[in-house]
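Worth knowing before you read on, the calculation uses all heavy atoms, side chains too, and leaves out hydrogens, waters and symmetry mates. Just so you know, these numbers come straight off a predicted model, no measurement behind them. The chain is numbered in sequence order, starting from 1.
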Amino acid sequence: MKKAFTLLATAIFSLGLHAQSVNSSAGADMIVYHAKITTQTAAQPEASALAVKAGRIYAVGADNEILSLKDGHTKLIDADGRRLIPGLEDSHMHPLNERNFTQKVKWDGVPTLKRALEMLTEQSARTPEGQWVKVTGAWSPYQFKENREPTIEELNKAVPDKLLWVQYAYNKLWLNKPAMKFFGIGTPKFKADPGTVLQKDSKGNYTGIIEANTFVFVALDAMMPTPTAEEEISSLEYLIRDLNHFGLTTVIENSSVIPYPQGHAPIEALIKANRMNIRFPFVDLGFNYDPNKSWVDTEIERVTRTSPISPGQNLNPNMEHGHEYEGTGEVISPEVHDHENFDKPAIIIPYETMKKYAEEYIRKFIEKRIPFRAHMSYNENLTPFLDAFEEVVKTTPLDGMRWAVEHAETLSDENIARIKKLGGGIALDNKMALHGESFAKTYGLDKAMYTPRFGALKKSGIPLSLTTDAFRVSPANPWTGISWAVTGKSVSGKVILAEDNRLTREEALKLYTTGAAWFENEENEKGRIAPGNLADFVLLSDDYFTIPEDDIKGLTSVLTVLGGKVVWGSGKYSGLSPQLGEVLPSWSPIKYFGGYYFKKQ
């Protein structure tokens, strides 16, 4: 018996030694302490320290309690009393459409039109012949001190001899004289789609200003020089750096013009090199040029036969929930796309057209169990969509499958109730923060004050997120929208949201954390500083909860942590930031201006 006990004890001791050799450190991988932590958990709303192990948070509490979990291998980070929040998630943007991000002049956040024009002139001197000086949206005339758009004369003066493209949202495009020649404006070479307006001066000459819809901008953009594979990778890497700088740790790619899997090549390259510094779930768009084949059928064919993938499947072996397929949308079909342009009255899709396509496509999605998201800015287009939806679920139940409406600016009480009954979510965006004055001119300030319906939506209990819809209609800065939702002020400083239709700071933050996580079915793993949650968190440049409301828009991250790994640091934390590859091409505007106009911290 004694011999048997000795053998058992020896075996247990050996197993213990083996376990220690496999996991040589029993302590935390990382501890952040001396922080003001907003946990977003009811049982423990505040704390001062957290511990990370294997990419997840495993302890949250007071400094002395958490610091007792360290050993010789633990990375210790002193937060210097800063506010720490969960990593932000944008549930709707389009980063893969920015495959030439490093070739663009970014007016995102630039405070004056004077400086914006100077940037064009400076970049023109660096841009090689045959390449473009290009601004593709993410700005608003209301952000400028001058409170206006550029004139075509100013643009031709700024860039007289290089090809110039300046785009305002999906509303308007300015082309200088060389660019007009490139596209053949005013000649039979240029085929204008119905509804496209080519402006003329008082003498009947084309000015280079074009008013059009989304698909016209996309088609013209496709005619321009394409980046190399190396430039696409550089573009994505530097774009992600800016997202990390804002405090974003997850973004949902809500469809790109070049679809999965071809359009995901730069992501695959960064994953392979273990340089993918953000979680990148994606929604795929069944875009095709075949008028005889629907986008829905194309998507179903793609994900079931051409390159099979299941909803929720992760394509990034280096990161949990790193690159997951989240379904399809946001454009279900070009025939029923309600193009948003707040400078003009809404484009209303004929009722029977919307109902016919919606009924056919929704049924296919549900039958295939493919989650979907539908672009619906205007209530008039949402009503027939929901009429069709309600007919479909009578015979083809959702059975818990998630779906969502995108934008929903002019949503009615009746349709709020219908979405709630159908179990949908709503991804609101911050377009009104950038373009609210245009909306007020078109529909009246009284209506703008209740667009979107924050008050009614809060009461509804519908899953909600707040997004940027970057990078054409808005910059990717989440604090612009959070500031607007809390203060009611647009980027011009004008009040554009009624006091009883705003969010508290706590409510606004949740729309970029737990609210956003719902859209990828991960609200139990993201959005909280809590044991078991992914170790995604942010130290802020100032305290979100105590600074004056008007300062919220200027917040950034000084430390962004993704799965226990530092992906962004500034100031005292700058030495923790990962080194990025060289900016490509050599003449990139990003080298000189960055991707966003960040004020010095």
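A cation-pi arrangement is absent between Lys553 and Trp479 under the rule of less than 6.0 angstrom and at most 45 degrees off the ring axis.
Taking OG1 from Thr102 and CD from Glu232, the interatomic distance works out to 10.0 Å, rounded to the nearest 0.5 Å. To the nearest 0.5 Å, atoms CD (Glu330) and CZ (Phe372) are separated by 13.5 Å. Between atom NZ of residue Lys431 and atom OG of residue Ser438 there is a gap of 12.5 Å, rounded to the nearest 0.5 Å.
Asn254 and His94 get closest at one heavy-atom pair: O-CE1, 3.0 Å. Minimum interatomic distance between Ser474 and Leu434 (heavy atoms only, all atoms of both residues): OG-CD2, 3.9 Å. The two residues Glu582 and Ser234 make their nearest non-hydrogen contact at O-OG, 3.4 Å.
Using a 3.5 Å distance cut-off with no hydrogens or angles, the side chains of Ser124 and Thr121 do not pair a donor with an acceptor. In this model, a donor atom of one side chain and an acceptor atom of the other lie less than 3.5 Å apart for Ser490 and Ser492.
For the pair Arg472 (side chain) and Tyr168 (backbone), a donor-acceptor distance under 3.5 Å is absent. The closest donor-acceptor contact from the side chain of Thr467 to the backbone of Leu428 lies under 3.5 Å. Under the 3.5 Å distance criterion, the side-chain polar atoms of Arg402 are matched with a main-chain donor or acceptor of Trp518.
When the options Leu540, Leu539, Val561, Val538 are evaluated for a side chain to side chain contact (heavy atoms under 4.5 Å, CB included) with Leu84, the one that passes is Leu539. Checking each of Asp242, Asp90, Ile240 against Leu248 for a side chain to side chain contact (heavy atoms under 4.5 Å, CB included) leaves exactly one that passes, namely Asp90.
Salt-bridge formation is not detected for the pair Glu522/Arg279: no Lys NZ or Arg NE/NH1/NH2 atom is positioned less than 4.0 Å from an Asp or Glu carboxylate oxygen. A salt bridge links Arg56 and Glu525; the closest N-O separation between the charged side-chain nitrogens and carboxylate oxygens is under 4.0 Å. Classification of Arg373 and Glu406 as a salt-bridged pair holds, one side-chain N sitting under 4.0 Å from a carboxylate O. Look at Lys565 and Asp29 and you find no salt bridge, because none of the NZ, NE, NH1 or NH2 atoms lies under 4.0 Å from a carboxylate O. One finds no salt bridge joining Lys526 and Asp536 here, because no Lys/Arg side-chain nitrogen approaches an Asp/Glu carboxylate oxygen to under 4.0 Å. Between Glu118 and Arg115, at least one side-chain nitrogen of the basic residue sits less than 4.0 Å from a carboxylate oxygen of the acidic one, meeting the salt-bridge criterion.
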- [ ] List the steps and the verdict of ring-ring contact (aromatic ring centres under 6.0 Å, His included) for Tyr238 and Phe101.
- [x] CA-CA 8 Å; Tyr238 278 86; Phe101 179 83; 8.4 Å; no
Task: Residues Phe182, Trp132; criterion ring-ring contact (aromatic ring centres under 6.0 Å, His included); working and verdict - done: CA-CA 11 Å; Phe182 176 91; Trp132 290 69; 5.2 Å; yes
- [ ] Please report the C-alpha distance between Tyr170 and His339 in whole Å, then the side-chain angles of each, then the deciding distance to 0.1 Å, and finally whether the ring-ring contact (aromatic ring centres under 6.0 Å, His included) criterion is met.
- [x] CA-CA 8 Å; Tyr170 283 111; His339 306 275; 8.7 Å; no
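Between Phe144 and Trp107, the two ring planes are perpendicular [angle over 60°; tilted spans 30° to 60°].
His337 places a side-chain heavy atom less than 4.5 Å from the side chain of Phe215.
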